[in-house]
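Everything below concerns the one structure shown next.
Naming: A, B, ... by sequence-line order, numbering from 1 per chain.
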Protein chains: 2
Amino acid sequence: MEMRKPSRGRPRSFDEDAVLDAVMRAFWEHGYEGTSVATLEAATGLKAPSLYGAFGSKEVLYRTALERYASEHGTVLRPDGPAREAISEFLYEAADRFSESGLPPGCMVSTAALALGTAQRAVATRPARMRSETLAGIEQRLRTAVTEGELPAGTDAGALARLFGAVIQGMSVQAIDGATRQELRGLATAAMAAWPR
Amino acid sequence: MEMRKPSRGRPRSFDEDAVLDAVMRAFWEHGYEGTSVATLEAATGLKAPSLYGAFGSKEVLYRTALERYASEHGTVLRPDGPAREAISEFLYEAADRFSESGLPPGCMVSTAALALGTAQRAVATRPARMRSETLAGIEQRLRTAVTEGELPAGTDAGALARLFGAVIQGMSVQAIDGATRQELRGLATAAMAAWPR
DNA sequence: TCATTTCTGTAGTAGTCGCTAAATAATGAT
DNA sequence: ATCATTATTTAGCGACTACTACAGAAATGA
């Protein structure tokens with residue numbers, strides 16, 4: 001992907017990956033507008049020009065951090081096996097991830113950029129698309145389960161997908177509000193009772 | 001509640017209630033940090049000194065608007081009748097309210113102040129408590145339903161309450177993401193399948 | 001009419017926002 | 001050593017933030 005430039009000139013004094021990790025945590029915890037460049041300086045130990053030199057702008061920094069979050073802390077639906085187990089695992093994994101000690105609570109995507117000033121609306125587009133893709137992924141999985149007979153014909157796959165998506169998003173809110181891992185797991189268990197039979 | 005001051009001096013040139021309504025909509029749509037005083041001036045047609053004279057500060061203005069939202073656009077659990085119907089109505093009413101045309105989408109409380117800078121954390125306290133109280137209210141209603149035999153003994157009322165709370169919160173996120181009223185109602189229907197039997 | 005009270009608009013405050021020009025430092029190439 | 005290139009630091013940019021001193025306007029009671 002990334003071309004390693006032949007190292008001419010003064011080398012970077014920081015590990016770009018570690019810095020991006022710190023940036024991600026800051027945005028994860030305080031959101032886009034709640035995280036100032038001064039906050040990022042404090043979180044990374046770098047000065048603004050270094051951040052801007054390495055990444056470009058606060059907006060790009062946020063997007064990069066968001067992609068990193070998705071790839072390192074995101075949850076994906078297991079593509080094989082029964083759909084019911086895939087969904088169940090998905091919910092329990094979310095419960096665990098949203099309550100991971102040493103990491104900010106909740107999901108960076110679920111609660112990202114829900115309320116923004118008009119100027120920064122461009123920032124909200126990407127997380128909104130991520131949420132949309134998650135819903136679509138769940139729905140597709142459920143549709144397949146219907147055609148394969150795991151779910152009864154006539155099951156409203158779209159509504160069911162929205163339900164499980166809502167459960168994830170609500171778990172994120174409750175994690176931020178201080179719900180424990182045990183409570184989130186109980187929530188996941190209760191949600192699985194909505195599985196059609 | 002409010003003492004009407006004996007009207008000496010120049011009277012207000014604006015309807016305080018209408019102004020507070022406009023302020024509420026602005027905060028509802030753009031959140032606390034996403035709404036600047038300049039935004040509020042544009043939304044109300046007033047200048048800052050009038051707003052500050054009538055209310056006090058942006059923080060007080062937000063709290064006042066939030067209380068107004070809760071009393072005028074909030075949903076309460078019907079205290080009588082079967083718990084199942086109360087919860088069901090609660091979900092459908094939320095689906096309708098979150099997709100009311102002419103009003104901002106989603107719930108001002110569910111998605112309020114989830115990610116804030118450390119300085120404004122005081123603002124997040126009140127909506128967080130409101131969410132907590134909603135959860136507690138649902139749980140109490142379910143507990144009663146267990147003791148009255150409407151729900152099977154051994155039902156995890158706490159987990160079930162968290163589930164329905166999460167559904168509300170997730171519906172709010174999806175409403176903001178553009179879900180239609182019909183889709184939200186379908187979500188509510190799917191959620192009610194989790195009701196123990 | 002006059003003084004008093006209260007509100008409104010003008011015009012600003014100090015502080016923070018995201019961002020960057022310019023100087024300095026550290027490296028590889030010659 | 002000297003140059004070219006890149007990174008970091010200092011210092012500060014204009015724009016915006018929440019907020020307010022002040023003066024004028026509009027109502028009141030005396």
Side-chain angles (χ1 to χ4, degrees), chain A residues 2-20 22-23 26-27 30-65 113 115-124, chain B residues 2-20 22-23 26-27 30-65 113 115-124:
Chain A
E2 188 95 13
M3 280 290 112
R4 244 272 165 270
K5 292 277 180 60
S7 79
R8 288 265 296 269
R10 180 172 176 175
R12 288 259 157 77
S13 68
F14 57 90
D15 176 10
E16 204 165 312
D17 233 47
V19 163
L20 189 54
V23 167
F27 279 128
H30 303 116
Y32 181 74
E33 297 199 280
T35 306
S36 70
V37 174
T39 304
L40 296 177
E41 288 180 328
T44 60
L46 299 182
K47 312 287 182 160
S50 293
L51 286 171
Y52 281 84
F55 298 98
S57 70
K58 185 189 171 186
E59 196 174 319
V60 171
L61 210 34
Y62 178 80
R63 282 204 287 259
T64 310
L116 282 180
T118 47
Q120 346 255 41
R121 195 153 293 173
V123 175
Chain B
E2 186 96 12
M3 280 290 113
R4 246 271 166 272
K5 291 276 179 59
S7 78
R8 285 266 296 267
R10 181 174 175 174
R12 289 257 155 79
S13 68
F14 55 89
D15 176 10
E16 204 165 312
D17 232 48
V19 163
L20 189 54
V23 167
F27 279 129
H30 304 117
Y32 181 75
E33 297 199 281
T35 306
S36 69
V37 174
T39 305
L40 296 177
E41 288 181 327
T44 60
L46 299 182
K47 310 289 182 169
S50 294
L51 285 171
Y52 280 84
F55 299 99
S57 71
K58 185 188 171 186
E59 196 174 319
V60 170
L61 209 34
Y62 178 79
R63 282 203 288 259
T64 310
L116 281 180
T118 46
Q120 349 254 43
R121 194 152 296 172
V123 175

Closest-nucleotide ordering on DNA chain D, the 5'-leading residue of B:Val37 and A:Pro49:
A:Pro49
Separation of atom [atom1] in [X] from atom [atom2] in [N], rounded to whole Å:
X       : N      : atom1 : atom2 : result
A:Lys58 : C:dT16 : NZ    : P     : 15 Å
A:Glu59 : C:dC17 : CD    : P     : 18 Å
B:Glu33 : C:dC17 : CD    : P     : 10 Å
B:Phe27 : D:dA18 : CZ    : P     : 9 Å
B:Arg8  : C:dA3  : CZ    : C1'   : 10 Å
A:Leu51 : D:dA7  : CG    : C1'   : 13 Å
A:Glu41 : D:dT9  : CD    : P     : 10 Å
A:Tyr62 : C:dG18 : OH    : C1'   : 17 Å

Side chain of [X]: nearest nucleotide among [options]?
X       : options               : value
A:Ala38 : C:dT20, D:dA7, C:dC17 : C:dC17
A:Ser13 : D:dT20, D:dT8, D:dT10 : D:dT8
A:Ser57 : C:dC19, D:dT9, D:dC19 : C:dC19
B:Pro11 : C:dG9, D:dC19, D:dA27 : D:dA27

Between [X] and [N], is there a side-chain N or O to OP1/OP2 distance below 4.0 Å?
X       : N      : result
B:Ser36 : D:dT17 : yes
B:Tyr52 : D:dC19 : yes
A:Lys47 : D:dT9  : no

Show the nearest heavy-atom pair for residues B:Ala65 and B:Val23, with the distance to one decimal.
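Heavy-atom minimum between the residues: CB-CG1, 4.2 Å.
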Here the pair of heavy atoms bringing A:Val123 nearest to A:Glu59 is CG2-CG, 3.6 Å
Closest-nucleotide ordering on DNA chain C, the 5'-leading residue of B:Gly9 and B:Leu46:
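Result of the comparison: B:Gly9.
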Strictly distance-based, threshold 3.5 Å: is any side-chain N or O of A:Thr64 a donor or acceptor partner for the main-chain N or O of A:Val60?
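A pair under 3.5 Å: yes.
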Is it true that a side-chain atom of B:Thr44 and a backbone atom of B:Val19 form a donor plus acceptor pair closer than 3.5 Å?
no
Are A:Lys58 and A:Phe27 in a cation-pi setup, meaning NZ or CZ lies under 6.0 angstrom from the ring centre and within 45 degrees of the ring axis?
no
When you measure only distances, ignoring hydrogens and angles, does the side chain of B:Arg10 come within 3.5 Å of the base of D:dA25 through a donor and an acceptor?
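Yes, a donor-acceptor pair under 3.5 Å.
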